[in-house]
Amino acid sequence: MSRPFPHRHLLGIEYLDRADIEQVLDLAETFLEINERAIKKVPTLRGRTVFNLFLEPSTRTRTSFEIAAKRLSAEAVNISGSTSSATKGETLIDTVKNLDAMSADVIVVRHGASGAAELVAKNVNAAVINAGDGTHEHPSQALLDAFTIRAHKKSFEGLEVAIIGDIAHSRVARSDLFCLAKLGANVRLCAPSTLMPLGITKILPPELASRLTVHSRVEHALEGADVVMMLRIQAERLSGAGFFPTTREYSRTFGLNRKRVELAKSDAIVMHPGPINRGVELEAEVADGTRSVVLDQVKRGVAVRMALLYLLGVSGLPHDEGWPPS
Ligand code: NCD
């Protein structure tokens with residue numbers, strides 16, 4: 001490996017620089033091929049223990065981390081919300097200290113509260129990977145999205161990426177924005193004004209601020225885009241307040257259908273982190289159409305998570321090195 005990864009944890013893309021991101025993507029490239037073999041296993045992380053602590057629902061992210069750990073020969077232990085002692089009133093800190101006491105090397109954590117992964121990192125010796133904390137960040141998703149875009153578009157420089165949906169409650173949108181802007185792409189965020197966070201234009205560091213534009217009309221966001229990323233309405237994070245009149249109305253105004261996708265470049269790709277609400281943000285014919293790279297995202301996600309487990313699971317940096325991120 002060219003250099004040690006300069007971070008002990010992966011808490012958010014906000015704390016990474018371009019070289020860190022490229023290091024993960026380059027390493028993921030070398031892991032892709034293992035997933036194509038008949039025997040999909042290498043001994044790289046033999047004897048290491050990875051806990052997947054998922055206190056919010058997940059299909060892709062949890063299985064992707066589990067498969068990634070297993071293909072590197074680590075012991076993967078899965079704990080989910082409904083079967084953990086969180087249901088008996090144990091605090092998150094107590095839970096993770098117990099996992100740490102079993103000599104965890106990596107703790108992958110998903111939690112409904114923004115900042116939960118950082119709290120875990122401050123209380124354990126293991127390396128911590130944020131697999132989604134509330135509306136804050138979902139860094140491994142952004143890395144797999146960037147990995148997928150790089151495979152299809154080669155370079156990020158000047159690429160026009162439209163991210164459309166519930167920007168206010170989407171940790172994927174935040175992480176993708178940081179990641180793609182740092183890599184040189186221009187990001188167009190589009191949502192109804194009620195689902196666009198206040199102060200979003202100030203979220204990027206000043207030198208990257210010009211890479212972000214905000215749109216309230218989906219047609220403007222789509223015009224000439226190279227990449228179209230659709231996001232789910234995060235219904236579980238909406239308080240019941242009227243963020244938009246009806247799902248039908250939302251779909252008509254902001255959903256991606258066959259006609260609308262034609263506004264993007266003729267070679268534009270369509271992405272979605274899943275789970276898709278078919279017929280709401282994305283019509284089935286687009287989700288399953290020739291532009292869709294949704295399943296390629298999932299495939300590449302395993303390689304990206306292998307790279308992350310490798311970089312954080314064997315780096316052996318002391319706990320306080322690389323934290324807080326400089
Ligand atoms: C996303 C998440 O959990 O933030 N899903 C995922 O990890 N692939 C997006 C979503 O739930 O809408």
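First listed ligand is number 1; within each ligand, the first listed atom is number 1. When a residue number appears, it is its place in the shown sequence, counting from 1. Computed over heavy atoms, backbone and side chain alike; hydrogens, waters and symmetry mates excluded.
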Which residue and heavy atom of the protein sit nearest atom 3 (O) of ligand 1, plus the separation: R171 NH2, 2.9 Å
Within-shell test, E56 vs ligand 1, heavy atom, strictly < 4.0 Å: no
Carboxylate-amine/guanidinium proximity below 4.0 Å for R305 and E66: no
Cation over ring face, R110 and F54, 6.0 Å, 45°: no
Min N/O separation R237 to ligand 1 under 3.5 Å: no
Closest protein heavy atom to atom 11 (O) of ligand 1, given as residue, atom name and distance to 0.1 Å: R232 NH2, 2.9 Å
Check: E236 N/O within less than 3.5 Å of ligand 1 N/O: no
Electrostatic pair E157-R18, nearest N-O below 4.0 angstrom: yes
Check ion pair R217-E219 (N to O, under 4.0 angstrom): yes
Nearest candidate to atom 7 (O) of ligand 1, where distance is taken over non-hydrogen atoms, out of Q141, Q234, H138: H138
Closest approach of any protein heavy atom to atom 1 (C) of ligand 1, naming residue and atom: G274 O, 3.7 Å
Charged N-O contact under 4.0 Å between K265 and E160: no
Proximity flag P275 to ligand 1, non-hydrogen atoms under 4.0 Å: yes
CA sep, side-chain torsions, deciding dist, call: I233, L195, side chain to side chain contact (heavy atoms under 4.5 Å, CB included): CA-CA 9 Å; I233 297 288; L195 293 175; 3.7 Å; yes
Extract all donor-acceptor atom pairs below 3.5 Å that involve side chains of residues 173-182 and protein atoms in other chains or at least two apart in sequence.
from	atom 1	to	atom 2	distance (Å)
R174	NE	H136	O	2.8
S175	OG	E137	OE1	2.5
S175	OG	H138	N	2.7
S175	OG	R171	O	3.4
K182	NZ	I13	O	3.1
K182	NZ	E14	O	2.9
K182	NZ	L16	O	2.6

Any N/O pair P273/ligand 1 closer than 3.5 Å: yes
